[in-house]
Amino acid sequence: MIPRIYIPGDSGALALGAEKVAKAVRAELAERGIEAKIVRNGSRGAYFLEPMVEVATATGRVAYGPVKPSDVKSLFDCGFLTGGHHKRWLGAPDKIPFLARQTRLTFARCGVTDPLSLDHYKAHGGLKGLQNAVAITPADIVKQVTESGLRGRGGAGFPTGIKWKTVLDTSADRKYIVCNADEGDSGTFADRMIMEGDPFVLIEGMAIAGIATGATKGFIYIRSEYPHAVAVMQKAVEIARKVGVLGVNVLGSPNSFDMEVRVGAGAYVCGEETALLDSLEGKRGQVRAKPPLPAHKGLFGKPTVINNVISLASVPVIMDKGAAFYKDFGTGRSRGTIPIQIAGNVKYPGLYEAAFGMTLGEIVDDIGGGTATGRPVKAVQVGGPLGAYFPRALFDTPFDYEAFAAKDGLIGHAGIVVFDDSADMLKQARFAMEFCAIESCGKCTPCRIGSTRGVEVLDRLAQNVEPEKQIALVTDLCNTMKFGSLCALGGFTPYPVMSALNHFPDDFRPTPVAEAAE
Ligand SMILES: Cc1cc2nc3c(=O)[nH]c(=O)nc-3n(C[C@H](O)[C@H](O)[C@H](O)COP(=O)(O)O)c2cc1C
Ligand code: SF4
């Protein structure tokens, strides 16, 4: 049997030099006259070990990482094709502590299989959920998804089954499934990773959503900054169509479902579901007032399910193993698993899928290993640019929608960005206001005007101009934005601002210039 070498081809690994490593491996194989198959798999998500090269040996896969092109010659010398020892040797990938401790339901195949091999997908449990779905009624599919407790992973945490039921119960000549792959939150990459590493799971989830609700057409709206994900998804859709996973008779059933990939417009607000629909319709991406809900009048005025990539990609395992299996993981009303993305100033960055309920401290200190700089952790922003900053004092908060809301925070898309003690939280608060000012769609006044005024107030505070007055003003402004904005961009910008102010008040009392000089 010819040796099989796995070299990740996803954007994360490519950014860390995987292409150069692949080139070096190819050159070395040619020079030594060795025939081998190179598989460009997705990443397993341990980015501190990427590029992580794996070889299939008689006793299972053996990993090496992080591999540099200059390591390749010595890897061959050490017999890495049969798992030989080398300074980059990591052993069996599923025994690497960062990976071994995870509960991989949604990301089970990511980094393991060849992303564009449907045979590989099926050999690793793929399409079982869809097979089960075509054998039961739409109402029973919706019931399973509802009972699983799955909530939207895009940010709002809305129960997926209830959304699907609304679309199922709304009659129309045409309905749509829209996958939100705009992934604009800072420190998040789960959507990209799964689209590049296991695209068929998203296609399967969307097909199940279509059959469950009576929608026959789907769109995946991928942000323009993700060219690799766009290319992989396009190829995967073509493959799925060719073999009848998509088309007029999904898996030979009477159900029809097909989909297209669309590229986003490069604005954060186009991730907001109604702005996304406008953008998909070819208009400027601007938030629509609700009602009507997209489930009643969505894309082109038709009932539309709009779900995040991870919400949809979590459905196949639910339909395969059952609602009870999925629901068994998690805590409180946060059921199942969540792919936590650990980023920023952290020693072990990566994607960590686990059941809800780990504490923030466990995630940052144990899994993430603290800061990369070795300095104390000062703050962690959870949930993207609209998420609150959590100080160490709140590290006992369990990763759970309600627990975070109770501490004036949000889980969002489960991205966490770590900051060490050199971070200036006044600057971070200003950044939040500035981000909102730049990304505001301009439809409502509290967000459009408020964010610009917010930057000005925080600038005056940084210059120590009447600090108490500025703090009162920014607090009042945040309340206006929170309660008066049409969507969460303006409505949640106060979270990072007020959490920075409340948890790190010293950073908001800059030393007067004269005092500092003394
Ligand atoms: C400003 C803004 C940006 C958003 N960006 C995204 C995004 O990039 N991806 C996403 O899935 N949801 C995003 N959302 C949430 C969506 O509006 C919506 O809740 C989500 O697509 C619903 O899918 P889910 O129920 O599966 O989470 C954003 C919301 C707002 C207000
Ligand atoms: S809050 Fe901001 S982004 Fe949202 S609708 Fe209003 S102006 Fe647009």
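First listed ligand is number 1; within each ligand, the first listed atom is number 1. Since this is a predicted model, take the numbers as computed values, not measurements.
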K.L.:
Provide the number and element of each atom of ligand 1 under 4.0 Å from a heavy atom of L489.
P.N.:
1 (C), 31 (C)

K.L.:
Would you mind checking which non-hydrogen protein atom is closest to atom 1 (C) of ligand 1, with the distance to 0.1 Å?
P.N.:
Y268 CE2, 3.5 Å

K.L.:
Kindly assign one of parallel, tilted or perpendicular to the pair Y389 and F419, based on the angle between their ring planes and the thresholds 30° and 60°.
P.N.:
perpendicular

K.L.:
Under the 3.5 angstrom rule, does the side chain of E204 hit a backbone N or O of P316 as a donor-acceptor pair?
P.N.:
no

K.L.:
Side-chain contact, heavy-atom cut-off 4.5 Å: V245 with L251?
P.N.:
yes

K.L.:
Using a strict 4.0 Å threshold on nitrogen-to-oxygen distance, state whether E456 and R453 make a salt bridge.
P.N.:
yes

K.L.:
Below a 4.0 angstrom heavy-atom separation, can you tell me which part of R151, side chain or backbone, both or neither, approaches ligand 1?
P.N.:
neither

K.L.:
Note the single closest protein heavy atom to atom 19 (O) of ligand 1, along with its residue, its atom name and the distance in Å.
P.N.:
E273 OE1, 4.0 Å

K.L.:
Could you note down all residue pairs passing ring-ring contact (aromatic ring centres under 6.0 Å, His included) where residues 190-216 supplies at least one of them, sequence neighbours left out?
P.N.:
Y121-F200

K.L.:
Which one of E183, R223, E272 has a non-hydrogen atom at the shortest distance from atom 8 (O) of ligand 1?
P.N.:
E183

K.L.:
Given T188, I162, V178, N308, which has its nearest heavy atom closest to atom 23 (O) of ligand 1?
P.N.:
N308

K.L.:
Counting only heavy atoms closer than 4.0 Å, does ligand 1 sit against the backbone of A488, its side chain, both, or neither?
P.N.:
both

K.L.:
Using a 6.0 Å distance limit plus a 45 degree cone around the ring axis, check whether R192 lies over the aromatic ring of Y226.
P.N.:
yes

K.L.:
Which one of D424, T371, N345, D507 satisfies the side-chain hydrogen bond (donor to acceptor under 3.5 Å, both in side chains) criterion with K378?
P.N.:
D507

K.L.:
Quick one: which ligand 2 atoms are inside 4.0 Å of a heavy atom on V269?
P.N.:
3 (S)

K.L.:
Provide, to 0.1 Å, the distance between atom 26 (O) of ligand 1 and the closest protein heavy atom, together with that atom's residue and name.
P.N.:
S311 OG, 2.6 Å

K.L.:
Considering both backbone and side-chain atoms of D191, is one of its nitrogen or oxygen atoms within less than 3.5 Å of a nitrogen or oxygen in ligand 1?
P.N.:
no

K.L.:
Would K290 and E273 pass as an ion pair if we require N to O under 4.0 Å?
P.N.:
yes

K.L.:
Which distance, rounded to the nearest 0.5 Å, do you find between the CD1 of I203 and the CD1 of I220?
P.N.:
6.0 Å

K.L.:
Which atoms of ligand 1 have any heavy atom of G184 under 4.0 Å away?
P.N.:
8 (O)

K.L.:
In terms of the angle between their ring planes, are Y352 and F98 parallel, tilted or perpendicular, with boundaries placed at 30° and 60°?
P.N.:
perpendicular

K.L.:
Relative to atom 13 (C) of ligand 1, which among G271, G491, C179 owns the nearest non-hydrogen atom?
P.N.:
G271

K.L.:
Less than 3.5 Å between some nitrogen or oxygen of G154 and one of ligand 1, yes or no?
P.N.:
yes

K.L.:
How does F492 reach ligand 1, by side chain, by backbone, by both or by neither, if only non-hydrogen atoms under 4.0 Å count?
P.N.:
neither

K.L.:
At less than 4.0 angstrom from any non-hydrogen atom of I306, what atoms of ligand 1 do you find?
P.N.:
22 (C), 23 (O)

K.L.:
Between E402 and R333, is the closest basic N to carboxylate O distance under 4.0 Å?
P.N.:
yes

K.L.:
Would you mind checking which non-hydrogen protein atom is closest to atom 21 (O) of ligand 1, with the distance to 0.1 Å?
P.N.:
N180 ND2, 2.9 Å

K.L.:
For ligand 1, which atoms sit closer than 4.0 Å to a heavy atom of K163?
P.N.:
22 (C), 23 (O), 24 (P), 25 (O)

K.L.:
Ring centres under 6.0 Å, that's the criterion: do F390 and F395 meet it?
P.N.:
no

K.L.:
Relative to the ring of F431, is the ring of F435 parallel (under 30°), tilted (30 to 60°) or perpendicular (over 60°)?
P.N.:
tilted

K.L.:
Could you please tell me which protein N, O or S atoms lie under 2.8 Å from atom 6 (Fe) of ligand 2?
P.N.:
C444 SG

K.L.:
After noting the C-alpha distance and the side-chain angles of E281 and R288, does the key distance pass the salt bridge (Lys or Arg N to Asp or Glu O under 4.0 Å) rule?
P.N.:
CA-CA 13 Å; E281 289 177 8; R288 299 177 184 173; 2.9 Å; yes

K.L.:
Considering the heavy atoms of R153, write down every atom of ligand 1 situated less than 4.0 Å from one of them.
P.N.:
26 (O), 27 (O)

K.L.:
State which residue, out of D185, D191, N180, fulfils the side-chain hydrogen bond (donor to acceptor under 3.5 Å, both in side chains) condition with H413.
P.N.:
D191

